[in-house]
Amino acid sequence: MYILGMESSCDETSAAIVEMDGTTRRICSNIVASQIDTHRLYGGVVPEIASRAHIEAVSRITKEALDEAGITLADLGAIAVTTHPGLIGALLVGVNFAKSLAFANNIPLISVNHIHGHIAAAYLTDTTLEPPFLAVVVSGGHTCLYLVEDYTTFTLLGGTRDDAAGEAFDKVGRKIGLPYPGGAAMDKLAHEGDPKAYKLPSCAITPDEVAFSFSGLKTAAINLIHTAEQKGETLNRADLAASLTASIVEGIVKKTDLALKTTAKSAKTLVLAGGVAANSHLRTALAELAKKRKIPFVVPERGLCGDNGAMIAAAGYYDYLAGHRADTSLNASALDDEEV
Ligand code: KG4
Ligand code: ZN
């Protein structure tokens, strides 16, 4: 069946057509209208501007997604839309658009959790991937580990107590003059620096628990920059990027290893997902961990790590199979299910 996946939780408006059936998992189109250039002027996402930009893009990209896939609305088996978590105004654009399209055309509507969507990107990369597995989701808004028991059952093992890893990359990146969002540029810069140059706190907190804190790490890195400025010294940007990356990667590897131990009986594969899953250092380190623990490692190709409609369509397919259907009362929520 063909599924239209719609995503508008932050600064990317996306519509995609994915064909899912038995063993078929195929992306027919995946149109992403990024607002990064607009938000770059402000050094971060401005929610009201994001909502307006979603409104401007949503009809056009949906038509583009259908045209590129060579299908019409009549061919759709379902419409899947991100309903939570995210920026409420941004989410409402996608939810109301998808709702109107679904009910005007008599197409089943499916509500999708954005984080579950990120995990589902792995199904599109490895078409043989099946639960149960351990999923590490690292993005601009989330850093959490899940035991994915089956396609629609997710057990949260733990996550960040404050900021997300992506936010730490972006905020420190901004301080050293990298354009928003700094994640990808920090990744590149870190290859040129010494990861031991600056001593930074670990983001892995609370022994024996899957728990992170990125706020202290972010502040420690920013304090180093301020201190150097006050002393009139020049801080080595590549060394700072490498040290921050090392701290983030080591912390995530440590807690992933702990989670692998506690879920060893059920989790037979390690999956990495979310925008920060594009990070080359993190990909390499988790691939090594999986090798050491003798389990397969799956990470979406870089183009599917960031927010996109295809991952929402893939997640929506499994919700559809599980019989989940949204009615006209469907609404958006800024919070994740687990936070409610
Ligand atoms: O998943 P995503 O597109 O949006 C959220 O759901 O948050 O993730 C965006 C985040 C940003 O913080 C961005 O800087 C980060 O992913 N990111 C990276 C890399 N590419 C994107 N962080 C580190 N290294 C990268 N290569
Ligand atoms: Zn995301």
Side-chain angles (χ1 to χ4, degrees), residues 5-14 16 30 32-36 39-40 43-45 47 50 54 81-87 90-91 94 112-122 135-144 146 159-160 163-176 178-193 203 214 217-218 221 240-242 244-249 251-252 271-286 299-312 314-315 334-336:
M6 307 215 55
E7 158 62 35
S8 71
S9 67
C10 190
D11 58 352
E12 255 111 27
T13 327
S14 182
N30 194 12
V32 181
S34 176
Q35 308 170 6
I36 281 178
H39 298 294
R40 189 165 280 155
V45 178
H54 286 306
V81 62
T82 305
T83 48
H84 64 290
L87 299 172
L91 286 163
V112 174
N113 176 316
H114 181 77
I115 302 170
H116 300 175
H118 273 301
I119 296 170
V136 181
V137 185
V138 195
S139 74
H142 306 275
T143 308
C144 39
Y146 290 88
T160 181
D163 301 337
E167 192 183 338
F169 277 127
D170 294 345
K171 294 276 160 67
V172 177
R174 188 167 78 177
K175 268 275 160 210
I176 59 170
L178 301 175
Y180 172 84
M186 288 287 270
D187 184 353
K188 227 170 131 196
L189 199 56
H191 282 286
E192 296 159 24
C203 60
F214 293 94
L217 173 60
K218 185 181 78 180
L240 184 66
L244 180 74
T245 302
S247 175
I248 291 177
V249 170
I252 293 174
V271 169
L272 171 65
V276 182
N279 186 275
S280 59
H281 311 266
L282 186 60
R283 290 167 89 96
T284 306
L286 285 184
V299 59
E301 59 208 66
R302 279 196 170 76
L304 288 178
C305 288
D307 295 346
N308 67 86
M311 69 185 200
I312 302 304
L335 296 178
D336 188 13

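The chain is numbered in sequence order, starting from 1. In listed order, ligands and their atoms are each counted from 1.
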Contacts table for residues 183-190: side-chain donor-acceptor under 3.5 angstrom, sequence neighbours left out:
residue	atom	partner	partner atom	Å
Asp187	OD1	Ser280	OG	2.6
Asp187	OD1	His281	NE2	3.2
Asp187	OD2	Ser280	N	2.9

How far is [atom] from its nearest protein heavy atom, and which residue and atom is that?
{"atom": "atom 17 (N) of ligand 1", "answer": "Gly275 O, 3.6 Å"}
{"atom": "atom 24 (N) of ligand 1", "answer": "Asn279 ND2, 3.0 Å"}
{"atom": "atom 15 (C) of ligand 1", "answer": "Val276 CG2, 3.8 Å"}
{"atom": "atom 9 (C) of ligand 1", "answer": "Gly140 N, 3.8 Å"}
{"atom": "atom 26 (N) of ligand 1", "answer": "Asp187 OD2, 3.0 Å"}
{"atom": "atom 14 (O) of ligand 1", "answer": "Asp170 OD1, 2.6 Å"}
{"atom": "atom 22 (N) of ligand 1", "answer": "Gly183 CA, 3.4 Å"}
{"atom": "atom 2 (P) of ligand 1", "answer": "Asp307 OD1, 3.4 Å"}

Q: From the options Val299, Val136, Leu272, select the one residue that forms a side-chain contact (heavy atoms from CB on, under 4.5 Å) with Leu282.
A: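 Of all the options given, the one that passes is Leu272.
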Q. Going by heavy atoms, is Cys10 under 4.0 Å from ligand 1?
A.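 False for this residue.
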Q) Is there a heavy atom of His114 sitting under 4.0 angstrom from any atom of ligand 1? A)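 True for this residue.
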Q.
So does Ala50 get a backbone contact from the side chain of Gln35, meaning a donor-acceptor N/O pair under 3.5 Å?
A.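 Between the backbone of Ala50 and the side chain of Gln35 there is a qualifying donor-acceptor contact (under 3.5 Å).
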Q. Hey, what's the ring geometry for His142 with His114, parallel, tilted or perpendicular (30° and 60° as the breaks)?
A.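 Answer is tilted, since the angle falls between 30° and 60°.
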(Q) In the structure I gave you, are the side-chain heavy atoms of Cys305 and Arg283 within less than 4.5 Å of one another anywhere? (A)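 SC-SC contact between Cys305 and Arg283 confirmed.
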Q) Any N/O/S of Cys10 under 2.8 Å from the Zn ion (ligand 2)? A)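 Under 2.8 Å: Cys10 has no N, O or S contact with the Zn ion (ligand 2).
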Q: Would you name the N/O/S atom of His114 that lies closest to the Zn ion (ligand 2)?
A: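 Going through the N, O and S atoms of His114 one by one, NE2 ends up nearest to the Zn ion (ligand 2).
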Q) Of all N/O/S atoms in Asp307, which lies nearest to the Zn ion (ligand 2)? A)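 Restricting Asp307 to its N, O and S atoms, the minimum distance to the Zn ion (ligand 2) goes to OD1.
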Q | Which of the ligand 1 atoms, numbered from 1, are nearer than 4.0 Å to a heavy atom of Gly306 | A |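 This gives 3 (O) as the contact atoms.
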Q: Identify, by atom number and element, the atoms of ligand 1 in contact range of His118, meaning under 4.0 Å from any of its heavy atoms.
A: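 Those of ligand 1 that fall under 4.0 Å from His118 are 1 (O), 6 (O).
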(Q) Pair Thr13, Met6 - check side chain to side chain contact (heavy atoms under 4.5 Å, CB included), show working. (A) CA-CA 8 Å; Thr13 327; Met6 307 215 55; over 6 Å; no
